[in-house]
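Here is the structure we will look at.
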Protein chains: 2
Amino acid sequence: MMIPDFVDVKCSACPIRHRAVCARCDTEELLRLEKMKSYRTFPAGTEILWRGEPLDYVASVVSGVASLSKTMEDGRTQMVGLLLPSDFIGRPGRAKIEFDVTATTDVTLCCFARAPFEALVIDTPHVAQRLMELALDELDAARDWMLLLGRKTAREKIATFLDMLARRSQLITPKGAGTAPAAALHLPMTRDQIANYLGLTLETVSRQFSALKREGIIDVPDRRSVIVINIDLLQNATGDDADGGVVA
Amino acid sequence: MMIPDFVDVKCSACPIRHRAVCARCDTEELLRLEKMKSYRTFPAGTEILWRGEPLDYVASVVSGVASLSKTMEDGRTQMVGLLLPSDFIGRPGRAKIEFDVTATTDVTLCCFARAPFEALVIDTPHVAQRLMELALDELDAARDWMLLLGRKTAREKIATFLDMLARRSQLITPKGAGTAPAAALHLPMTRDQIANYLGLTLETVSRQFSALKREGIIDVPDRRSVIVINIDLLQNATGDDADGGVVA
DNA sequence: CGCGGATTTGACCAGCTTCAATGAGGGTGG
DNA sequence: CCACCCTCATTGAAGCTGGTCAAATCCGCG
């Protein structure tokens, strides 16, 4: 099912140029990266990497959404990360990973052969530093998620998830500029995948969607869309501070 | 309640010399570190850092156990990390952290002033690389914990916790060398703190301890000790693969 | 138009939390 | 040395949330 797609794009024209590992690379470094990179596309639902599989490549997500997940023998699974464009797959100095990486939507990766990439990391502090920043960002996200998984109610989990999508979609004006107009969100995953992300069952996810809809906080026009009708009520339902933790 | 304790120890005599940030430093780098470091001790229960507080120091844990935790406005809290000797507090390139750091037991830290430490990180790839490794280890631990918080039952959580302590205490022979003899574990935290770590209530923690005791899997001679009577049954109860995920 | 997967909804139940009372240590002061 | 107290821990009973099982519905697609 894998569809290799080696049509490369110039780094200078890359949509994630300014946020990915290569964010702070100079022209010369970009040339070096250009030589070791290749694009590759995975259709929604396919496995990008299996747990324990040796990593010959590291990669940046160029477009689409991929997920990291852990599975127990009896089939219970928990998503432990969501990879959006500019996020990085693989880790310097480690030959394998302890979770599965799956294409949630169609995903295009910018793959780098492992050996030359590691050499580049050693040579260029830019890249090493950027990798560190990306790792620390992931760590912060993982810790926020631990609070959600360990302590939030089903309703709070769903509200937090939708609020996160709304923020990510940049449909909320950065400065507190009053209530944003009704915002349509695209859900990149099925109810089952949302459940695995939030540590719930798909039935509970569905019920909470229905409850928020009944209360007029959201609308669900089709299975892949959510319209946020009242962002303030949604944020109240997340259990977080209204302002996202920033001191007023 | 904070008891500053500036009695320094030579790096060469440091108990965590081979595992902390400074693990791969050469003699010259150690000298540089020596100049910017100071030891500091915090009694059990005191706050080492508050969320959002500016970080003037970064530090390594020399002895004792510290915890990272997040708290919601209504008081629900979730521990998002446990810091053991050689673990690192603080992050290069970030002036503050998004969680509280608390001394779980009496804790001694090896503190480095932030500015000179960051300069050192930029100059010395050894240190930057070691920091990256420590961050990736934390990320792996965080993801394991996400699976636990999102999908494991109370019984599995307690069993996983005890199994982790047993492994950390190195009371289990590395190679599968038959059943280890009964092993006494010291619990570094109260039932309430264990509950916050595992995403449970303290009553549930207590009940699961009692259940495992009733089944003859563990003994609980006093509130700070657990004796593992049958490590195989304990590991069966964790929900993980018997061999901890390593391929047989 | 009918098929198949995804979703919604309902009914029931289990596990965990909540509320409440009792018990065990450990330290302090008389 | 012992009584007292305070914190931590255990145990019980009852209630709720979310999970499980099952059926109905929706929707995209050939």
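Model, not experiment: these values are computed from the prediction. Chain letters run A, B, ... following the sequence lines, proteins first, then strands; residues in each count from 1.
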Throw together a table of side-chain donor-acceptor distances under 3.5 angstrom for residues 196-206 of chain B, partners on residues two or more places apart or in other chains.
from, atom 1, to, atom 2, distance (Å)
B:Asn196, OD1, A:Arg151, NH2, 3.1
B:Asn196, OD1, B:Thr77, OG1, 3.3
B:Asn196, ND2, B:Thr77, OG1, 3.2
B:Thr201, OG1, B:Thr204, N, 3.4
B:Thr201, OG1, B:Thr204, OG1, 3.0

- Go through the structure and list residues passing ring pair (Phe, Tyr, Trp, His ring centres under 6.0 Å) with B:Tyr57, not counting sequence neighbours. none

- Please identify each residue that fulfils salt bridge (Lys or Arg N to Asp or Glu O under 4.0 Å) with B:Lys157, with sequence neighbours left out. none

- Message: Looking at C:dT9, I'd like to know if its phosphate oxygens (OP1 or OP2) sit under 4.0 Å from a side-chain N or O belonging to A:Ser210.
- Response: yes

- Query: Of all residues at least two apart in sequence or in a different chain, which pass the ring pair (Phe, Tyr, Trp, His ring centres under 6.0 Å) check with A:Phe88?
  - Reply: A:Phe117

- Task: Could you tell me whether A:Ser206 contacts a base, only the sugar-phosphate backbone, or nothing, with contacts defined as non-hydrogen atoms closer than 4.0 Å?
- Result: base

- Item | Atom-to-atom span, NZ of A:Lys213 to C1' of C:dT8 - whole angstrom | 10 Å

- Given atom CD1 of B:Ile158 and atom P of C:dG15, what is their separation to the nearest angstrom? 16 Å

- Item | Partner residues of A:Glu53 under the side-chain hydrogen bond (donor to acceptor under 3.5 Å, both in side chains) criterion, sequence neighbours left out | none

- Item | Listed partners of B:Asp222 passing salt bridge (Lys or Arg N to Asp or Glu O under 4.0 Å), at least two apart | none

- Message: Going 5' to 3' along DNA chain D, which are the first and last nucleotides with any atom under 4.0 Å from a heavy atom of chain B?
- Response: D:dC8 to D:dA13

- Item | B:Thr160 side chain to B:Thr238 side chain, donor-acceptor N/O pair below 3.5 angstrom | no

- Query: Residues in side-chain hydrogen bond (donor to acceptor under 3.5 Å, both in side chains) with A:Thr102, at least two apart?
  - Reply: A:Glu47

- Annotated protein contacts, base or backbone, on nucleotides 16-26 of chain C with a non-hydrogen cut-off under 4.0 Å, one of B, S, - each: SBBB----BS-

- In chain order, what residues pass the side chain to side chain contact (heavy atoms under 4.5 Å, CB included) check against A:Arg223, with sequence neighbours excluded? A:Arg191

- Residues forming a salt bridge (Lys or Arg N to Asp or Glu O under 4.0 Å) with B:Asp137, sequence neighbours excluded: A:Arg94

- Item | Axis-to-axis angle between the two ends of the helix from C:dC1-D:dG30 to C:dG30-D:dC1 (five base pairs per end, rounded to 10 degrees) | 30°

